[in-house]
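To start, the structure itself, in structure tokens.
The chains referred to below are lettered A, B, ... by the order of the sequence lines, with proteins before strands, and numbering in each begins at 1. Just so it is clear, the model here is predicted, and its values are computed rather than measured.
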Amino acid sequence: MATTSSTGAGAPPRVRFAPSPSGYLHIGGARTALFNWLWARSQGGTFVLRIEDTDEERSSLDSVRAILDSLRWLGLDWDEGPEVGGEFGPYFQSERKERYREAAESLIAAGKAYRCYCTKEELDAQREALKAKNPKAQFVYPGTCRDRTDQPDLEHVVRFKAPTAGATTFHDLVFGAITTPNEQQQDFVIVRRNGLPLYNLAAVVDDHDMRITLVARGRDHIGNTPQQVLLYEAFGWELPAFAHLPMMLSPQGEKLSKRHAAVSVSEYRDRGYTPEGVLNYLVRFGWSYGDQEIFSRQELIEKFSWDRVNKSDGKFDAAKFADVAFEHLKRPELTDDERYLDEVVPFLAQAGIEDPPRDRLRQALPLIRERARDLADAAHHLDFYFREPPRMDEKAVKKFLVPDAAPHLEALADAYAALGEWDANSLQGCLEGYLQQKELPMKAVAQPVRVALSGRTASPGLFEVMAVLGRDLTLTRLRRGAALARGAGSAA
RNA sequence: GGCCCCAUCGUCUAGUGGUUAGGACAUCGGCCUCUCACGCCGGUAACACGAGUUCGAAUCUCGUUGGGGUCACCA
């Protein structure tokens, strides 16, 4: 029996992420990629990206592009793979057909695999017949061609000659020893009728050829690991280590799909989560580091280890995800000012605000950090600083820009026109002076002023807002607000 | 159904024989206050069940129940 190599302590590990390009990058896939990437980065190892496109029907170049884009956006850079090449390429399975054919032939020559001439139709018929007799029975390939001595040059698949007795055991870094009785195995197909390899063959050949030392993937692959182990043994190759990750299920506990939540990485990018926010949520799913919830990319690399990975499946929680994303946007040490601004600009553009002055943007940023839960939300909070006139919320205008408010707005505009300094403190002092003189509480004028300045009933503190807007816009808006309050019709 | 795996608040989790079972999200109160948000204080809320082992089990063993995965010429 082949032996399982250790976690690779010593030699730098070589790990891989091997998506099949049949759609966008799923967050579950992103998590698998992340765990592999973290392991490689923390150990000075190599992260290989391999495209498993042996199923010509389902694979597409668009999907490859989408997956590569998402990985790049997440910052999960690969050392070998598409577009970067590497010593053990090619990294598209569709370009390695000859190698798989040769590997399968060697197994046939060694008597460990055989040509099977049974057609799909024949097998389906047998399956039907069995079902008719016993609806509960599970059809297994009866071994019709297993002991054929001739191998006519007719269309065929290649089947692996699986052992019928004993058991296959492999050691998993997360789950420990997993043993499966060999009676459970049937003579599974390794090469299709069209000559293309099936997953188990291609994955084993590639993982071996690419010198992969640790195979980390979703728990849904645990079931075919024994088949792969059998293949390694048949080839006489050393086993890599295995690590299976617990599943990410829907909030209802089913397999996570679009029906339950946004599952594509690109959806979170479009929504304005930062890549680190996404990675942070994903990594905490199945992995923990004491009570710590928030991690920078660097911390993740420093702290990740397999012994802190959980065994139990979990349910996706959009609210928690949103909160983690928010933390990353809120903390300057996680998303610094300049980067925040760079990232929010496209979202502003989407709202029709092109080329907002960088200075004002920078001034407004501290006011929205605590408020914006994602970049789309940030653009919303930033909107009125850059739109002139601002969008006036109809209900807000109706409720607060009433005739009584007009004289206050007018008087404040005059007072501010004469104010020397233009900073939050001076602005506050000025307004408080006015209130004192009129013997009014702050509440009497706050909302009308806010609506005049921002068009909304909710905003950051008035004086901070005015400081960002500057004197000209502040005066313009206060006076426009006064006009609206008087019921003077057109505000402009 | 066979095989494999899992089991702490609603959710993500800490915990590795002795804790008032901790944190975070969500939720519910309160404080702060020019609105919103942030922040702060506090509340509700969990060891699936049953047998063992032990002076003592969330922690170890077995069983039950529940959940998930997998049984393709998909990956």
Side-chain angles (χ1 to χ4, degrees), chain A residues 18-22 52-55 57-59 93 116 118-120 123 127 134-140 156-159 172 174-176 178-181 183-186 188-200 202-203 217-227 244 246-247 249 251 253-255 281 284-294 308 310-324 326-327 330 367-373 381 396 400 428 431 435 441-451 454 456-463:
Chain A
S20 73
S22 56
E52 307 221 323
D53 56 351
T54 59
D55 187 340
E57 302 280 301
R58 304 187 196 191
S59 302
Q93 291 188 328
C116 169
C118 300
T119 64
K120 179 106 179 146
L123 259 19
R127 199 183 317 261
N134 181 359
K136 291 190 287 281
Q138 182 66 38
F139 178 76
V140 297
H156 62 274
V157 300
V158 178
R159 285 184 186 273
D172 190 280
V174 175
F175 289 93
I178 295 179
T179 301
T180 311
E183 305 90 81
Q184 224 28 236
Q185 305 300 344
Q186 53 177 315
F188 54 91
V189 176
I190 56 178
V191 180
R192 295 176 172 87
R193 180 164 297 263
N194 67 10
L196 293 178
L198 245 17
Y199 169 69
N200 281 132
R217 78 248 278 203
R219 188 172 65 79
D220 47 342
H221 283 284
I222 260 183
N224 49 41
T225 304
Q227 296 178 12
H244 288 90
M247 301 279 251
L249 304 171
E254 310 160 291
K255 200 158 184 167
Y281 177 70
R284 281 288 287 101
F285 209 101
W287 176 85
S288 62
Y289 191 81
D291 281 341
Q292 187 170 348
E293 299 282 349
I294 304 300
R308 302 202 62 91
N310 273 193
K311 291 197 262 255
S312 42
D313 297 338
K315 296 172 185 166
F316 176 83
D317 183 351
K320 178 81 174 190
F321 194 174
D323 183 71
V324 172
F326 178 38
E327 283 301 324
K330 192 163 60 185
L367 307 186
I368 65 159
R369 270 208 191 261
E370 314 267 285
R371 281 167 246 263
R373 303 192 67 82
H381 279 99
F400 293 111
Q428 178 163 11
L431 185 137
L435 291 176
M442 182 71 177
K443 281 184 189 297
V445 298
Q447 286 304 74
V449 171
R450 184 183 320 282
V451 174
S454 69
R456 340 221 260 222
T457 53
S459 81
L462 295 179
F463 312 112

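Below the 3.5 angstrom threshold, one finds a donor paired with an acceptor across the side chain of A/Asn224 and the base of B/A75. One can find a donor-acceptor pair under 3.5 Å joining the base of B/C36 and the side-chain atoms of A/Arg371. The base of B/G2 does not come close enough to the side chain of A/Gln138 for any donor and acceptor atom to sit less than 3.5 Å apart. In terms of polar N and O atoms assigned as donor or acceptor, the side chain of A/Lys320 comes within less than 3.5 Å of the base of B/A24 in a complementary pairing. In the interface, the side chain of A/Asp313 is not paired with the base of B/G68 through any donor and acceptor atom under 3.5 Å apart. Not a single donor-acceptor contact under 3.5 angstrom links the side-chain atoms of A/Glu370 to the base of B/G39.
Nucleotides B/G23 and B/A45 have their P atoms positioned 14 Å apart, rounded to a whole Å. Spacing between B/U59 and B/U8 at atom P, rounded to whole Å, works out to 12 Å. Look at the C1' atom in both B/A24 and B/U65: the space between them is 30 Å, to the nearest Å. Using atom P as the reference point in both B/G10 and B/U53, the two lie 32 Å apart (nearest Å). A gap of 13 Å separates the P atoms of B/C47 and B/G22, to the nearest Å. Between B/A46 and B/C6, the two P atoms lie 26 Å apart (nearest whole Å). Look at the P atom in both B/C71 and B/A48: the space between them is 30 Å, to the nearest Å. When the C1' atom is used for both B/U44 and B/C28, the distance is 7 Å, rounded to whole Å.
Distances shorter than 4.0 Å separate some side-chain N or O of A/Lys330 from OP1 or OP2 on B/G39. OP1 or OP2 of B/A75 lies within a sub-4.0 Å distance of a side-chain N or O belonging to A/Thr54. In this model, the phosphate group of B/G69 is not approached by any side-chain N or O of A/Lys311 to a distance below 4.0 Å at OP1 or OP2. Here A/Asn310 reaches the OP1 or OP2 of B/A14: one of its side-chain N or O atoms lies under 4.0 Å away. At B/A14, one or more side-chain N or O atoms of A/Ser288 fall inside 4.0 Å of OP1 or OP2 (strictly under the cut-off). Close to B/C34, at under 4.0 Å from its OP1 or OP2, lies no side-chain N or O of A/Lys443. A/Arg308 has a side-chain polar atom (N or O) that falls below the 4.0 Å cut-off from OP1 or OP2 of B/G15. Look at A/Arg219 and you won't find any side-chain N or O under 4.0 angstrom from OP1 or OP2 of B/U70.
The residues A/Glu293 and A/Arg284 are annotated as salt-bridged, a charged nitrogen and a carboxylate oxygen being separated by less than 4.0 angstrom. We find that A/Asp55 and A/Arg58 are joined by a salt bridge, their nearest charged nitrogen and carboxylate oxygen being less than 4.0 Å apart.
Residue contacts for A/Gly286: at a heavy-atom cut-off of 4.0 Å it reaches the sugar-phosphate backbone alone, with no base atom in range. Within the 4.0 angstrom heavy-atom criterion, only backbone atoms of the sugar-phosphate kind lie near A/Val189; the bases stay farther away. Within the nucleic acid shown, A/Ser312 comes within 4.0 Å of sugar-phosphate atoms alone, with no base atom in reach, counting heavy atoms only. Here A/Leu198 lies in heavy-atom contact (under 4.0 Å) with sugar-phosphate atoms only. Contacts of A/Ser59 with the nucleic acid, taken as non-hydrogen atoms under 4.0 Å apart, are absent. Residue A/Thr180 is classed as a sugar-phosphate contact, given heavy-atom separations below 4.0 Å to backbone atoms only. Nucleic acid contact class of A/Pro246 (heavy atoms, under 4.0 Å, all strands): none. At a threshold of 4.0 angstrom between heavy atoms, the contacts of A/His221 include nucleobase atoms, whether or not backbone atoms are also involved. Heavy atoms of A/Met247 sit under 4.0 angstrom from primed sugar atoms or phosphate atoms, though from no base atom.
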Side chain to side chain contact (heavy atoms under 4.5 Å, CB included) assessment of A/Phe188 paired with A/Arg159: CA-CA 5 Å; A/Phe188 54 91; A/Arg159 285 184 186 273; 5.8 Å; no
Yes or no on side chain to side chain contact (heavy atoms under 4.5 Å, CB included) for A/Leu196 and A/Val191, after CA distance, side-chain angles and deciding distance? CA-CA 6 Å; A/Leu196 293 178; A/Val191 180; over 6 Å; no
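Aromatic pair A/Tyr281/A/Phe316: centroids less than 6.0 angstrom apart.
Here the straight-line distance linking atom CG of A/Leu198 with atom CZ of A/Arg192 works out to 5.0 Å at 0.5 Å rounding.
Comparing A/Glu254 and A/Trp287 along RNA chain B, the residue whose closest nucleotide (by nearest heavy atom) sits nearer the 5' end is A/Trp287.
A/Arg217 and A/Thr225 are linked by a side-chain donor-acceptor pair at a separation below 3.5 angstrom, with hydrogens and angles left out of the test.
B/A72: no Watson-Crick or G-U partner with both key distances under 3.5 Å is found in any strand. When both distances must be under 3.5 Å, the Watson-Crick or G-U wobble mate of B/G42 is B/C28.
As rounded to whole Å, 15 Å separates atom C1' of B/C3 from atom CZ of A/Phe175. Residue A/Glu327 contributes atom CD, which lies 7 Å from atom P of B/C25 at whole-angstrom precision.
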